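Worksheet: one structure, shown below.
What you are looking at is a predicted structure, and each value in this text was computed from that prediction instead of being measured.
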Amino acid sequence: MACIYGDVTQIHTIGASGDTAKQDKLTVKGVDASKKLAEVDLTRMEKYKSIITKVGREKQMDPAVIAGIISRESRAGNTLKDGWGDHGNGFGLMQVDKRWHRPVGAWNSEEHVTQGTEILIGSIKEIKAKFPQWTQEQCFKAGISAYNAGVKNVRTYERMDVGTTGSDYANDVVARAQWFKSKGY
């Protein structure tokens, strides 16, 4: 399946911060921590693999990136209460924020994953317009950062994660996505 937004395996990443790694009481940080966090989520993620793959194909988005976001946002649903997280502001596997979007579908539905993926694609396109000189992969990674903290938060490529949750959002999601890709996503 071709992802028209870039190749996640070609994106340089430093992975999760120490703070993000502490979620699972990990003593490592960086790419190793991101891989371990994703690995913990794999069994739960398998329940959604067919939805993730279908939405990825329809939207020309790498399913591994969708899985990486789902792992980061909701730990494949594990952190949600009745489909909600983030103090009642984030909805579903991809944590669509009700303050900025009207959530659609059930929290674990194809409709929800489609909405989250469309929000991601919108962020990537806005980043491309804001930074036309950036490579496709730079725009892809920055779009992932913008999915979390908004396009306005991305000012430079090197510091795109400053202001995101944990100040490591895109780096962690990319590392998780690279790991999910190695598992057939």
Side-chain angles (χ1 to χ4, degrees), residues 3-24 26 28-39 41 45 52 55-56 59-76 79 85-86 90 92-97 100-101 113 115-182 185:
C3 174
I4 62 172
Y5 303 100
D7 181 350
V8 75
T9 66
Q10 298 303 305
I11 298 174
H12 176 266
T13 181
I14 57 172
S17 67
D19 283 347
T20 298
K22 284 180 193 161
Q23 284 177 12
D24 285 12
L26 300 178
V28 295
K29 61 182 182 183
V31 173
D32 288 342
S34 295
K35 288 178 182 176
K36 285 185 185 337
L37 292 161
E39 189 173 6
D41 297 337
M45 195 70 70
I52 292 166
V55 171
K59 297 295 174 183
Q60 296 179 292
M61 174 54 64
D62 190 331
V65 173
I66 299 170
I69 289 174
I70 290 172
S71 174
R72 170 66 186 229
E73 289 286 348
S74 69
R75 303 304 303 274
T79 62
D86 189 23
L93 293 170
M94 295 183 77
Q95 288 293 277
V96 171
D97 193 315
W100 302 98
H101 307 278
V113 174
Q115 181 184 29
T117 302
E118 287 171 348
I119 292 167
L120 171 63
I121 290 166
S123 295
I124 295 165
K125 288 178 176 177
E126 284 186 58
I127 290 290
K128 279 185 180 183
K130 185 175 178 178
F131 300 102
Q133 71 281 13
W134 285 6
T135 68
Q136 193 168 359
E137 278 71 26
Q138 285 175 317
C139 290
F140 198 3
K141 185 178 183 183
I144 293 168
S145 176
Y147 180 85
N148 177 256
V151 172
K152 283 190 202 117
N153 190 67
V154 179
R155 294 176 194 90
T156 68
Y157 184 76
E158 295 74 23
R159 295 176 47 80
M160 74 173 67
D161 270 345
V162 174
T164 65
T165 306
S167 292
D168 68 346
Y169 189 86
N171 278 290
D172 183 31
V173 167
V174 166
R176 292 185 200 213
Q178 290 170 347
W179 187 85
F180 279 115
K181 192 143 191 93
S182 77
Y185 281 80

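Between Thr164 and Ala149, the shortest heavy-atom contact is CG2-CB, 3.9 Å. When all heavy atoms are compared, the tightest approach of Gln178 to Ile11 is NE2-O, 2.9 Å. Between Lys35 and Trp179, the shortest heavy-atom contact is CG-CD1, 3.6 Å. Here the closest heavy-atom approach between residue Gly68 and residue Phe180 is recorded as N-CD1, 3.9 Å. Across Val8 and Phe140, no two heavy atoms sit closer than the pair N-CE2, 4.2 Å. Pairing each heavy atom of Gln138 with each of Met160, the nearest pair is O-CE, 4.4 Å.
If you check the side chains of Thr165 and Asn148, you find a donor sitting under 3.5 Å from an acceptor. If you check the side chains of Asp7 and Thr9, you find a donor sitting under 3.5 Å from an acceptor. Looking at Glu73 and Tyr147, their side chains never bring a donor and an acceptor atom within 3.5 Å of each other.
No donor-acceptor distance shorter than 3.5 angstrom exists from the side chain of Ser34 to the backbone of Gly15, with no hydrogens or angles considered. Using modelled atom types, one side-chain atom of Lys130 and one backbone atom of Val151 make a donor-acceptor pair closer than 3.5 Å. The backbone N or O of Ala67 sits nowhere less than 3.5 Å from a side-chain atom of Ser71 that would complete a donor-acceptor pair. No donor-acceptor distance shorter than 3.5 angstrom exists from the side chain of Ser145 to the backbone of Lys141, with no hydrogens or angles considered. Remark: the backbone N or O of Ser74 is paired with a side-chain donor or acceptor of Thr79 at under 3.5 angstrom. Glu137 places no side-chain N or O within donor-acceptor distance of the main-chain N or O of Gln10, the cut-off being under 3.5 Å. Listed for the Thr20 side chain is no donor-acceptor partner under 3.5 Å among the backbone atoms of Ala16. Put simply, the side chain of Gln136 gets close to the backbone of Ile4: a donor and an acceptor are under 3.5 Å apart.
A distance of 8.0 Å separates CG of Leu120 from CD1 of Ile66, quoted to the nearest 0.5 Å. Taking SG of Cys139 as the reference point, atom OH of Tyr5 lies at 12.5 Å (rounded to 0.5 Å). The distance from the CD1 atom of Ile121 to the CE atom of Met61 is 4.5 Å, given to the nearest 0.5 Å. Note that CE of Met94 is 4.5 Å distant from CD1 of Ile69, once rounded to the nearest 0.5 Å. Atom-to-atom distance recorded for His101:NE2 and Glu118:CD is 11.0 Å, nearest 0.5 angstrom. The distance from the CD atom of Gln23 to the CG atom of Asp172 is 8.0 Å, given to the nearest 0.5 Å.
Residue pairs meeting the salt bridge (charged side-chain N to carboxylate O under 4.0 Å, His left out) criterion with at least one partner in residues 156-166, sequence neighbours excluded, are absent.
Note on Asp62 versus Lys181: salt bridge recorded, some NZ/NE/NH1/NH2 to OD/OE distance being below 4.0 Å. Checked for salt-bridge contact, Asp168 and Arg72 meet the test: a charged N lies under 4.0 Å from a carboxylate O. We find that Lys29 and Asp19 are not joined by a salt bridge, their nearest charged nitrogen and carboxylate oxygen being 4.0 Å or further apart.
Within the 4.5 Å cutoff, the side chain of Ile14 has no heavy atoms near those of the Val31 side chain.
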